[in-house]
Number of protein chains: 2
Amino acid sequence: MHTKEKIKRESTELFATLGYEGTSMANIAERVGIKKPSLYAHYKNKEALFLDLVMDMSLDYVTFIKDSLGQGNVSIEKQLYQAFITYVHDWTQDNPANQFYSRFLQYPPQQLAEPLKEMLSESERKVRALFSDVMKEGQEQGALTMELDSETMAYTYFALIEGLVTEVVFYSPEEISKQAEKSWSVYWRGIRA
Amino acid sequence: MHTKEKIKRESTELFATLGYEGTSMANIAERVGIKKPSLYAHYKNKEALFLDLVMDMSLDYVTFIKDSLGQGNVSIEKQLYQAFITYVHDWTQDNPANQFYSRFLQYPPQQLAEPLKEMLSESERKVRALFSDVMKEGQEQGALTMELDSETMAYTYFALIEGLVTEVVFYSPEEISKQAEKSWSVYWRGIRA
DNA sequence: GTCTATAAGAAGATAGAC
DNA sequence: GTCTATCTTCTTATAGAC
């Protein structure tokens with residue numbers, strides 16, 4: 001089953017770069033090093049292949065976020081800062097899996113919009129809940145302001161990260177990482193007690 | 001030349017919804033109410049049509065931002081807040097032109113990436129400079145903190161807006177507008193003097 | 001599982017009449 | 001400027017041999 005893994009890896013990259021319609025089965029087969037019809041021995045059709053990738057992504061995403069949050073035995077500020085920087089860094093790197101996730105979360109192929117949104121919304125909900133808890137803990141510890149509610153802080157946290165990642169259009173990953181440090185200080189000033 | 005306007009309007013909507021490869025010339029012609037070959041009397045080919053739309057967008061974008069900034073005879077806080085809310089509101093509405101702009105800024109069709117980026121980078125640069133100036137003025141007036149530089153405040157401002165707009169994937173425009181108010185308060189706490 | 005061959009259709013684009 | 005007819009190429013997908 002090594003071929004199937006190769007199909008996944010190559011098609012992830014192609015879909016992320018060229019989009020769903022922009023990527024052809026012939027295109028994928030060529031990269032894998034097999035002929036086009038051989039793909040159909042592994043997947044019923046293009047949609048099935050694509051949805052299999054989406055499934056993988058949504059699982060990996062939650063794992064990635066949990067890891068970036070790290071252990072709870074450091075200060076809230078450190079914990080949030082670390083996850084913030086890691087997230088922005090990894091998401092702006094040339095990482096096909098992340099690019100795939102971001103792209104199709106925002107712009108799914110229309111006929112697959114429903115199942116795709118269903119799969120990914122659940123992941124996002126989990127991740128946001130995770131951070132909302134961290135914020136609440138921070139408030140209890142007296143590290144974060146009580147003037148704002150924890151959901152707002154979590155929501156804004158994600159929006160800012162999302163926005164920074166989007167800047168890859170104009171800036172290099174290195175510039176964005178530098179800018180992320182500065183934007184963090186704006187955000188931290190905004191939520192600290 | 002009424003037909004050309006109709007072609008632009010309909011194709012903007014289709015491209016924004018279905019993407020570049022996902023939109024066919026037949027598809028556009030049908031919406032316009034003409035036959036496919038008639039399109040070629042107005043545009044040399046699909047790429048030319050698409051690039052004409054991009055050109056329009058980049059012009060409209062700068063105008064829109066200038067308008068949302070309003071006159072300078074109110075407080076910096078009001079001015080920034082107003083533009084912030086307006087931007088998020090308009091960008092999450094069902095507005096084909098804005099959706100077109102956002103989509104292809106982030107994910108251009110690969111063969112058009114170069115000319116497209118060239119056209120849009122210039123608009124973005126202008127808009128950012130506009131805001132950087134407002135921030136500097138705010139610092140001189142003593143309304144904004146001197147601990148941060150004006151570029152950082154401007155950059156973070158845009159990143160946050162971008163991120164909020166991205167949330168349309170999960171939330172309704174109304175929910176996002178509400179959240180934008182709250183995220184604004186985080187941001188304002190972060191930059192005020 | 002992989003191949004060659006091929007079907008069936010849709011894509012972008014052109015020729016030439018009106 | 002718009003049409004019908006057509007070309008060429010590319011698309012997804014299947015049949016059937018090995």
Side-chain angles (χ1 to χ4, degrees), chain A residues 1-56 96 100 103-104 107-116, chain B residues 1-56 96 100 103-104 107-116:
Chain A
M1 274 291 177
H2 175 246
T3 305
K4 192 159 186 170
E5 282 311 308
K6 206 166 177 186
I7 292 173
K8 282 188 177 188
R9 202 174 51 238
E10 297 299 331
S11 62
T12 297
E13 201 172 324
L14 286 170
F15 281 134
T17 315
L18 305 173
Y20 181 78
E21 293 88 355
T23 302
S24 71
M25 295 298 264
N27 210 336
I28 295 167
E30 192 189 5
R31 287 270 287 256
V32 175
I34 57 176
K35 298 295 173 183
K36 196 173 45 165
S38 304
L39 289 173
Y40 291 86
H42 300 273
Y43 288 100
K44 199 182 124 247
N45 53 32
K46 190 180 177 182
E47 291 191 0
L49 163 57
F50 183 79
L51 288 176
D52 192 35
L53 298 178
V54 175
M55 186 72 80
D56 281 9
F100 182 100
R103 178 169 196 148
F104 295 112
Y107 304 108
Q110 209 187 223
Q111 76 273 27
L112 302 177
E114 284 284 310
L116 201 146
Chain B
M1 275 291 178
H2 176 246
T3 306
K4 191 159 185 168
E5 282 312 308
K6 206 166 177 186
I7 293 172
K8 282 188 177 188
R9 201 173 54 238
E10 297 298 331
S11 62
T12 298
E13 202 171 323
L14 286 169
F15 281 134
T17 315
L18 305 172
Y20 181 78
E21 293 88 356
T23 302
S24 71
M25 295 299 266
N27 209 338
I28 295 167
E30 192 189 5
R31 286 272 288 257
V32 174
I34 57 175
K35 299 295 174 183
K36 192 171 55 163
S38 305
L39 289 173
Y40 291 87
H42 300 273
Y43 289 100
K44 197 182 123 248
N45 53 31
K46 190 180 177 183
E47 291 192 359
L49 164 56
F50 183 80
L51 288 176
D52 191 34
L53 298 178
V54 174
M55 185 72 81
D56 281 9
F100 182 101
R103 177 169 195 147
F104 296 112
Y107 303 108
Q110 208 187 224
Q111 76 273 27
L112 302 177
E114 284 283 311
L116 201 146

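Here is the naming used below: chain letters follow the sequence lines, and residue numbers restart at 1 for every chain. Here the structure is a predicted model, which is why all the values come from computation and not from measurement. The figures that follow rest on heavy atoms only: side chains count, while hydrogens, waters and symmetry mates do not.
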Can you find a side chain N or O atom of B/Ser38 that sits less than 4.0 Å from OP1 or OP2 on D/dG1?
no
With a 4.0 Å cutoff (strictly under), does any side-chain N or O of A/Thr3 reach OP1 or OP2 of C/dG1?
no
Starting at atom [atom1] of [X], determine the distance to atom [atom2] of [N], rounded to an integer number of angstrom.
| X | N | atom1 | atom2 | value |
| --- | --- | --- | --- | --- |
| B/Tyr43 | D/dG1 | OH | P | 12 Å |
| B/Leu49 | C/dG12 | CG | C1' | 13 Å |
| B/Ile28 | C/dG12 | CD1 | C1' | 11 Å |
| B/Gln111 | C/dG12 | CD | P | 12 Å |
| B/His42 | D/dC3 | NE2 | C1' | 12 Å |
| B/Ile34 | D/dC3 | CD1 | P | 6 Å |
| B/Leu39 | C/dG12 | CG | P | 10 Å |

A/Arg31 side chain to A/Lys6 main-chain N or O, any donor-acceptor pair under 3.5 Å?
no
Using a 4.5 Å cut-off on heavy atoms from C-beta on, say whether the side chain of A/Leu18 contacts that of A/Asn27.
yes
Under 3.5 Å, which donor-acceptor pairs do the side chains of residues 109-116 of chain A form with other protein atoms, sequence neighbours left out?
none

Mind jotting down which residue pairs meet the ring-ring contact (aromatic ring centres under 6.0 Å, His included) criterion with at least one end in residues 14-33 of chain B? Sequence neighbours excluded, please.
B/Phe15-B/Tyr20, B/Phe15-B/Phe50, B/Tyr20-B/Phe50
Can you sort out the partners of A/Arg9 under side chain to side chain donor-acceptor pair (under 3.5 Å), two or more places apart, ordered by chain and number?
none
Pairs where residues 32-52 of chain A contributes a residue and the test salt bridge (Lys or Arg N to Asp or Glu O under 4.0 Å) is met, not counting sequence neighbours:
A/Lys8-A/Asp52
So the salt bridge (Lys or Arg N to Asp or Glu O under 4.0 Å) pairs with at least one residue in residues 21-30 of chain A (sequence neighbours excluded) are none
Sorted by chain and number, sequence neighbours left out, ring pair (Phe, Tyr, Trp, His ring centres under 6.0 Å) with A/Tyr43 holds for none
For B/Tyr40, the ring pair (Phe, Tyr, Trp, His ring centres under 6.0 Å) test, sequence neighbours excluded, returns none
Nucleotides 11-18 of chain D: protein proximity per nucleotide (B base, S sugar-phosphate only, - neither; heavy atom, under 4.0 Å):
SBBB----
Axis-to-axis angle for the helix from C/dG1-D/dC18 to C/dC18-D/dG1, ends of five pairs each, to 10°, equals 0°
